[in-house]
Student: 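The structure is given below, and queries will be raised subsequently.
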Amino acid sequence: MIGLTPERISEELKTYSARLTEGMQTLRRVGEIESGVSPRDPVHREDKLVLYRYQPRVAKPHPVPLLIVYALVNRPYMMDIQEDRSMIRGLLDAGIDVYLIDWGYPDAGDRSLTLGDYVHRYIHHCIDFLRERHQQETVNLLGVCQGGALSLCFASLYPEKVRNLVTMVTPVDFHTPDNLLTHLIRNVNVDLMVDTFGNLPGSLLNFAFLSLSPFRLAGQKYVDLVDILDDASALKNFLRMEKWIYDSPDQAGEAFRQFAKDFFQQNKLIKGEVIIGERQVDLRNLVMPVLNVYATQDHLVPPAASKALAERCGSRDYSELSFKGGHIGIYVSGRAQREVPPAIAAWLAAR
Amino acid sequence: MTDQTETSAPNQLDTKFIFDQARGYLAFGEQMTEMSKQFQGNIQSGATDWGSVLRQNFDQFKTAITQSADDPNVNPELARLWNQTLDLWQQTASSLGVVPPEEGGGDIWQAYQQVQNQYLDLLRQAARGALDLMEQQLVERASGGQMIENLRELYNLWVDCNEKTYGQMLRGAAYSELSGRLFNTLLACYPKRETTA
């Protein structure tokens, strides 16, 4: 209102419709959407898991390899989504020898996989593979989000195999007051959910994420898209992110059951009550150097949920890296590329 | 041996979302055109209290949007703006294979419908709160002589207000309890695969 005349609105709507129509031509011409840009080689496989080694970008990479454990939700190419937005490329440029676990897409045959399978078998076997391949007693481990929680469990259970632990946007205390995902799942009957579906459908997780901010994520974002519909490059970037957002693997039923109940609903990780494959996870066993990276505006894993690690872990060499941004921005924003990989690489190089 | 980059074509979902939201935005624009016409008319006919005129015209917008919510057939595009979250939920439920039974369904289906209606009521409360907040902010801007320069700015204000009131609702115990029940009653509509050990 006030200064906004009917004629002006009408003109704006005409322009919007015209741009939308023209933009659809660009959308049709935009071609294939690539994601995961850095060359990599599969070096180890187990069931649906593939362990990749990214081709080094320096002549002599750091002798201790870094294993990245991504979350089970969404796909790990977020770490390497395009050439100018790649956390992995930043680490490679800084001389780190980078490996990454791709969990694949669980299907009906995977519904009985437990967290024990993920931690004691999959992660453990990758760690042992790297120890042998690089002739190292210990290797570096970087866990992302839920993958960070799994890495905390692994490093607590096998501290003698982890040289340095980096956690990124990793929940530790699941019951901080601002934890919206816990708030959403608190009253859900997880047993009924897993018994009903077997594996948890990825579309349900998508709903949970979108429902945290539906007017922006399912509405405004698409209205604003008209502004870049005539720019093929910007449009490709947008579509790449869209592809990632909706590329949600189903979750292996039994692993999801335990993660949802023990971590989200009962907050057992910080209480030292998580049992994985008959072994108790005690964060005080984290005696290796720990770097905890969190995002100040993270709406999925609030900073307090990550920072709780400071008081729980047993390391005498505990550091935090605070990034001013959100849960996704920490991987893909321009500032993240400049700040985060170099800081992680420098921290690792010093240890 | 080197792994190939993952590629895909732009999917149908993107195009559908773009068009759905574009239609909603155009419907929003039509409502604002009407409101702006009335506002300009009132001012030209001598009204001097901009705040009162704005409130009066905004009430008509509120009525239009709440009517479309009560009966989406009145203005389906406007209703989509209001029912964003419920649409997301229903699309999700549909993708999971939940479809309404042919003749009203049994008790379990009825129970799910009942909870879904309660969920919708909660969403509507938040959306009404957003309209009140938007009105308040427009009046404050008017009294401060601040101009809304374009329709997109007005739409963005509408989004901001909805995110604010929705976010407050989301953080409340009532939402957690109700969304949990919504999931649980939906799950009850499925045949169980097997019993938990």
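Only a predicted model underlies this, so the values are computations on that prediction, with no experimental measurement involved. Just so it is clear: chains get the letters A, B, ... in the order the sequence lines come, proteins before strands, and each one is counted from 1.
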Student: Let me know if A:Arg8 has heavy atoms under 4.5 Å from chain B in its side chain, its backbone, both or neither.
Tutor: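 Side chain only.
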Student: Does any donor atom in the side chain of A:Arg75 or A:Tyr105 lie under 3.5 Å from an acceptor atom in the other side chain?
Tutor: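 The answer is yes; a qualifying pair exists.
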Student: Need one label for A:Asp224: side chain, backbone, both or neither, based on atoms under 4.5 Å from any heavy atom in chain B.
Tutor: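 Its backbone and side chain both get close to chain B.
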Student: Check each atom of A:Leu184 against the heavy atoms of chain B and say whether the ones under 4.5 Å are side chain, backbone, both or neither.
Tutor: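 When you check distances to chain B, atoms from both the backbone and side chain of A:Leu184 fall under 4.5 Å.
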Student: When heavy-atom pairs shorter than 4.5 Å are enumerated against chain A, which of B:Glu30, B:Arg181, B:Arg152 gives the highest number?
Tutor: B:Arg152
Student: Please determine, among B:Asn156, B:Thr85, B:Asn162, the option with the most heavy-atom pairs under 4.5 Å with chain A.
Tutor: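 Counting heavy-atom pairs under 4.5 Å, the top option is B:Asn162.
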Student: Contact part of B:Tyr155 toward chain A, heavy-atom cut-off under 4.5 Å: side chain, backbone, both or neither?
Tutor: side chain
Student: Just by distance, with hydrogens left out, do A:Thr114 and A:Asp117 show a side-chain donor and acceptor under 3.5 Å apart?
Tutor: yes
Student: Taking side chain to side chain donor-acceptor pair (under 3.5 Å) as the test, write out the residues that go with B:Glu140, two or more places apart.
Tutor: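 Testing B:Glu140 for side chain to side chain donor-acceptor pair (under 3.5 Å), a comparison that skips the adjacent residues, returns B:Gln136.
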Student: Contact part of A:Glu12 toward chain B, heavy-atom cut-off under 4.5 Å: side chain, backbone, both or neither?
Tutor: side chain
Student: Passes side-chain hydrogen bond (donor to acceptor under 3.5 Å, both in side chains), B:Gln116 versus B:Tyr112? Steps please.
Tutor: CA-CA 6 Å; B:Gln116 190 174 254; B:Tyr112 168 60; 3.0 Å; yes
Student: Residues in ring-ring contact (aromatic ring centres under 6.0 Å, His included) with A:Phe256, at least two apart?
Tutor: none
Student: Check each atom of A:Leu235 against the heavy atoms of chain B and say whether the ones under 4.5 Å are side chain, backbone, both or neither.
Tutor: neither
Student: Do any of residues 121-135 of chain B come closer than 4.5 Å to chain A, heavy atom to heavy atom, and if so which ones, in number order?
Tutor: none
Student: Which of the residues B:Lys37, B:Arg171, B:Glu153, B:Gln91 is involved in the greatest number of heavy-atom pairs with chain A at under 4.5 angstrom?
Tutor: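 The option with the most such pairs is B:Arg171.
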Student: What orientation do B:Tyr175 and B:Tyr119 show, parallel under 30°, tilted 30 to 60°, or perpendicular over 60°?
Tutor: tilted
Student: Does any heavy atom of chain B fall under 4.5 Å from the side chain of A:Leu204, the backbone, both, or neither of them?
Tutor: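 It is both, since atoms from each part get that close.
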Student: Only pairs of heavy atoms separated by less than 4.5 Å count here; which of B:Leu178, B:Asp160, B:Leu182 has the most with chain A?
Tutor: B:Asp160
Student: Is the backbone N or O of A:Pro302 less than 3.5 Å from a side-chain atom of A:Asp178, with the two atoms forming a donor-acceptor pair by type?
Tutor: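 Side chain of A:Asp178 to backbone of A:Pro302, a donor-acceptor pair under 3.5 Å: no, none is there.
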Student: Under 30°, 30 to 60°, or over 60°: which ring-plane class applies to B:Phe183 and B:Trp89, parallel, tilted or perpendicular?
Tutor: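 Aromatic pair B:Phe183/B:Trp89 classed perpendicular.
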Student: Check whether NZ of the Lys or CZ of the Arg A:Lys243 lies under 6.0 Å from the centre of the six-membered ring of A:Tyr77 and within 45 degrees of that ring's axis.
Tutor: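 The answer is yes; both the distance and angle limits are met.
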Student: Name the member of B:Thr33, B:Leu186, B:Asp20 that forms the most heavy-atom pairs with chain A at distances under 4.5 Å.
Tutor: B:Thr33
Student: Parallel, tilted or perpendicular, judged at 30° and 60°: which one describes the rings of B:Trp158 and B:Phe28?
Tutor: tilted
Student: Please list, chain by chain and in numerical order, all residues satisfying salt bridge (Lys or Arg N to Asp or Glu O under 4.0 Å) with A:Glu22, sequence neighbours excluded.
Tutor: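 With neighbours one apart ignored, the set is empty.
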Student: Run the ring-centre check on A:Tyr16 versus B:Tyr25 and record whether the distance is less than 6.0 Å.
Tutor: yes
